Structures are given as structure tokens and as C-alpha cells.
Engineer: 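Structure incoming, see below.
In what follows, chains are A, B, ... by sequence order, proteins preceding strands, each numbered from 1. We use all heavy atoms of the structure for the numbers below, so side chains are in, but hydrogens, waters and symmetry mates are not. Since this is a predicted model, take the numbers as computed values, not measurements.
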Amino acid sequence: MSSSGPAIETRGITRAFDSRKGFLFREATRTEALRGIDLSVEQGSIFGLLGPNGAGKTTLTKILSTLLLPTSGAAYVLGHDVVREADWLRPRMGLVLGGERGLYNRVSGRENLRYFADLYGIPLGERESRIREVLGRVDLDGASDRRVEEYSRGMKQKLHLARGILHRPEILFLDEPTIGLDPKSARETRKLVRSLVADGVTIFLTTHYMFEAEELCPKLAILSKGRIVARDTVDRLRHLVGGDRTIEAEAYGFDDREVDSLHRLPGVSKIVTEEFGPVSRLTLRVRTDETGPEAVRAVLANHAELSVRERRTSLEDVYLDLVEEEAR
Amino acid sequence: MMATALGRVSRSRSTYASLRLAVLQFIADPQWLIPSMIAPVVFALVSFELFRSAGPYFLTYAILGAGMMSMWGQTLYGSGWATGQDREFGTLEPTIQAPTPYLYVVLGRVLWNVLSGLIGGAIVYVVIVAFAGGPPALPDPVGFALLFVFVMVTLASVGVVFAAFYVYTRYAGFIQNIGEFAFYIGTGCMFPVVLLPFYTNPVSLIFPPTWALDALRYLSIPGYRGFAWGFWGDLLGAVATTAVYLGIAGAVFTRVEHHVLEEGNLSEY
């Protein structure tokens, strides 16, 4: 390991993109993609970054992986400055941006890996065995000599992953690694991610899939409009949005007095009302065990068609609460 | 702990990897057979007819004209275009992110373009010799061959600078297309620059191939009247301007790489 400190540390990272429109009269516009990001990621862990489209996840990933310069602030990976020490960092980090692009489609998957193995200076004597190893890890060994243009989207995603780990990086940036994968391949990818962490690799993961983040990431951050709106373990984030228990009640309309009564129940921290045609749904976040479904049923006893159920507050609940709160 | 592969990144190995990939992509894509294999045959036939009445050294004129026609675009623009393809494929980001400076990747492609340009030149030679019924009268065949390769190097040195434009902006193809024919005529690829109006000469002289092509004509066509400073002056000028272009390319690449990381436009195409 290159440093005993955090694997990633950022201080007040901002990033703005300038664009110009028009031919004769150029109109300049500035978009603030990141607005002061402070992060710290422990070595050998998986850190998840969640956020809606356009929140700045890919921008932050590219800054940390030396592909983009921040407008201001500082970022350190393995204790080294991503701007001034990019040459030192690049052989030690892997980046998987994924998607349909980013590969040489007219040549085989194996040739793609050979090319990048050479650019990363993998010793020639190890090159072929290393390629075999990573192809095996992503389950592409049977298709490695086929042209990439014949690959499905999922296979391309696997090849991206194989390239990302080919040079055995100390830190791996994964931007939506399971997008486009079928459920089986996605599960295998998550298994691979866990095995990499077991090998000591630090993983920085962005994803849209809440269950994936919940399953893989002991710690995560939620990014919205270029700011980190929350950063902690999933359990603590549940507490942040009002409790780890959620009770949902559905009926044909609730009145304000009923909602006020529910608010007064012990431990109820938040109630969200939603309408689905004639059906209304109340979602209660509950901090303590004192209030359960029975107490809610008692308050709403006047409704003949009432359905009440209790579940654990999911990461998706946390995410939606925080992102919606930020949007307001 | 998985051991990081921190083998020393050899720049020559990176250049070779890039050359190899360029060859594989060429083989995989039959559309390249047209500009690199079939077009030289057409150019050779056109040039043969065009220079038929140009005197005793018409074969040399024909070979130079057609050879340059088939090679200049391949060598000069192929390198820039390959970088444009990196943008299109989305491979520019992972390539820039790799520890090898991108300039060495471009050099591999330039080498391939030089080689494929030479293949085109060889095809031209064979076709014209076949039609003429014998080889041209060359006063110094070995010098001609060496200088021919050097002309390719001068074209490639401009190609590397073009490649930097492609890294810099996705609009490089637009700039290249605008300059294409002006460059073709201005450097004397088809006919000697001295035939152009005098006021165009200073512009022509900033390009290394202008000097190298004039030197090549001096060497291969007795009685040729090119620039006043003659063969050795041309050769010196070609070496000096090529060195300047390669130096500019190195400096430009370093700056361009920094600039695109500032702009964040590596994935645009």
C-alpha cells in the first residue's frame, strides 16, 4: 500500500464547465457540476456514491482518476495529489467507465487487453497469464477471441471490468459497473468487487442501484446538484431520514386530522403523503418500537379498505428523502 | 493484498503496441484497402498519362506525383484521424488515463501510416514500371529510396501535430478538411512549389515536406530547377523544420493533455 492514510481525501473540490453557444454572438454559460466536495475513503473498503443523473458522480470519479482537473480544491488518492502527481497515480489506479464505448470494436477482447497491458507496462512474461486470469474472473474466457463488435452490452461491460483490473490497481473506480448486465452477471460482478476488496483493493463505486449500494458499501455518500447531502453508513443514514422503520398505510383518502394524530404517535418523525388516483398512501418514518402497525390502524380505524404494512427503511427511501429535500 | 503491476512502462513498447493495434484494425476493416491498395493504382495510371510528355524523366515525375498523391494523406492525416477515432470510440479516455504519454501512442500510429504510405508508394512504382515497360532512369537509386523514406518522416512530423489538434478538440477534422488541398498543393506533393506564385512560397516553406520534396526532385531529376539554394539547402531545411515540428509536437502534446483535462472534453466526439 502506498500510504497509511485514507485512500481518497478531497477538500472543497469544485468543478465548473463553461460552454458557449452561438456563432457571431457567443453566449457563455457556466454549469457548476461540483460545489465543494469533502470526502474521505478508508483504504481497502468499498465506498458508494449515489445520486441522480447530473448530480456530478462521473465528474467526481473523473477528477479522482486524473481524467479531469478540478476548478478549485484539492484531491488526494493514496496520499498523492491527483493533479500534480497523476503520473505516479495512474499505474496504481483502475477506472471502469463502462457503456458501449471505450473499446476497440474491430479487434478481439484479448487484443484490447493486450494493448492496454502494454500501455500499463505489465511485464511481457506475465502478460498472457494475466489476461487469462482477468478474462476468467469476469467470465469472458470463452469469448475472448471474438471481435468486440460481436459482444453484447453485458459482455462489453465485463471487458471494461477486465481492463480495469488487468494491471492490479490499488484503487479501482467503478462508474455504474453493473449497468446493462443481466441479473446473473450483475451478481457475479458484485461478487468480483467483494473479492477485490478481500485482496486489499479500495473500491470507489457509483451506482443507481440502491440494493447494490446497500449490499456492497459499508459507507456511502449521496450527491445531489453537486453537493454531498449525506455521508455515512446505511444504518446511520436511515436514522438521518427519521428512523429505520417505515410504516405504510393505504386507503381511499386521509384527512388532515388523521395525519396530525399519526404525527403525535411516539417515535413518528416524518409522514409523507402520496396520491395514486383514488388511493392515498401515508409513509411514516418511525424511530422507536413503541409505534407499530397496530397503533396506526387504531388511528385510521374509520377506513374500511385500509392496508397497513411495516418494513425496514430502505436505502431507496433514504435516497429519495434526501434528494427530494435537497431539490426543495 | 493483490500486488500492483508496476512494471516500468517502456515507451518503445507502448509505441509498438499502438503500431500493432493499428495494423490489426487495418486488417479488420476492408474499407482501408481502397485508399491504401487500390487508389495508388489509379493514381499511378493518371500520373503516367499526365507526365507522359514531360521529357526524359517523365517516369520519375509520374512516380513522385502519384506516390505523393497516394501517401501524403495516409501519412499526414492518418495519424490525426486515428486520434479522432479514439474520440469516436471513447478510447481516448482510457488511453490518456494509462501511464504511457499519449504522444508515444500517436507515434505508433504514425509509424504504421508511414509504412502503409510506403506500401502505397511501392504499388505506384510497380504499376508505372509495368506500364512504361521498365524502371525510370534514376541517377542515385539508393539516395532516392532513402530520401523517399525521409519525405514520409517529414509528412509524419506534421501528422503528429495534427494528432494533437484531434486530442484538443473534436472539431479537428473540420480544420483538417479546410487545409487539406491547400497543404497538398502548397507543399509540392503533385508539382514543384516553384511553379506557384512567389508570394505563396513563404507559407510553403513552413512545412517540412516542401523542403524534402524539392530535395527529392533535385536528386532524381537532372536539370531540375527548384529553390535557389539547391539540394543541400533543401535537405538542411527539411531536417531543421522536421526537428522543429517534432519539438513542437512534444511540447504541444504536454500542453494539450493538460488543456483537455481542464476542459473535460475527452469523451466528446
Engineer: With a 4.0 Å cut-off on N to O distance, would you call A:R137 and A:D199 a salt bridge?
Structural biologist: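 Between A:D199 and A:R137 there is a salt bridge, with a charged N closer than 4.0 Å to a carboxylate O.
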Engineer: If you count heavy-atom pairs within less than 4.5 Å of chain B, which of A:R147, A:M93, A:H160 leads?
Structural biologist: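 Highest number of heavy-atom pairs under 4.5 Å: A:R147.
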Engineer: Between B:T91, B:I27, B:T100, B:D86, which has the largest tally of heavy atom pairs under 4.5 Å with chain A?
Structural biologist: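 Among B:T91, B:I27, B:T100, B:D86, the one with the most close pairs to chain A is B:T91.
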Engineer: Looking at B:T15, B:T95, B:L21, which one has more heavy-atom pairs under 4.5 Å with chain A than the rest?
Structural biologist: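 That would be B:L21.
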Engineer: In terms of heavy-atom pairs under 4.5 Å, which option from A:T71, A:L89, A:V107 contacts chain B the most?
Structural biologist: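 Highest number of pairs under 4.5 Å: A:V107.
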Engineer: Please name all residues satisfying salt bridge (charged side-chain N to carboxylate O under 4.0 Å, His left out) with A:R146, sequence neighbours left out, ordered by chain then number.
Structural biologist: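 Expected list: A:E150.
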Engineer: Check each atom of A:Y104 against the heavy atoms of chain B and say whether the ones under 4.5 Å are side chain, backbone, both or neither.
Structural biologist: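 For A:Y104, the contact with chain B is made by backbone and side chain together.
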Engineer: Where does A:L103 contact chain B at under 4.5 Å (heavy atoms): side chain, backbone, both or neither?
Structural biologist: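 Backbone only.
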Engineer: Check each atom of A:L97 against the heavy atoms of chain B and say whether the ones under 4.5 Å are side chain, backbone, both or neither.
Structural biologist: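 Side chain only.
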Engineer: Check B:R20 with A:D118, please: is the shortest side-chain N to carboxylate O separation under 4.0 Å?
Structural biologist: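 No salt bridge links A:D118 with B:R20.
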Engineer: Looking at A:L95, A:L67, A:V83, which one has more heavy-atom pairs under 4.5 Å with chain B than the rest?
Structural biologist: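 Most heavy-atom pairs within the cutoff with chain B belong to A:L67.
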Engineer: Indicate yes or no: at least one non-hydrogen side-chain atom of A:I203 is less than 4.5 angstrom from one of A:F47.
Structural biologist: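 In short, these two side chains do not touch, never coming nearer than 4.5 Å.
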Engineer: Using a 6.0 Å distance limit plus a 45 degree cone around the ring axis, check whether A:R90 lies over the aromatic ring of A:W88.
Structural biologist: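 Judged by the rule (NZ or CZ under 6.0 Å from the ring centre, within 45° of its axis), A:R90 is not positioned above A:W88.
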Engineer: So, for A:L119 and B:A98, which heavy atoms are closest and what is the spacing to 0.1 Å?
Structural biologist: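 Taking every non-hydrogen atom into account, CB-CB, 4.0 Å.
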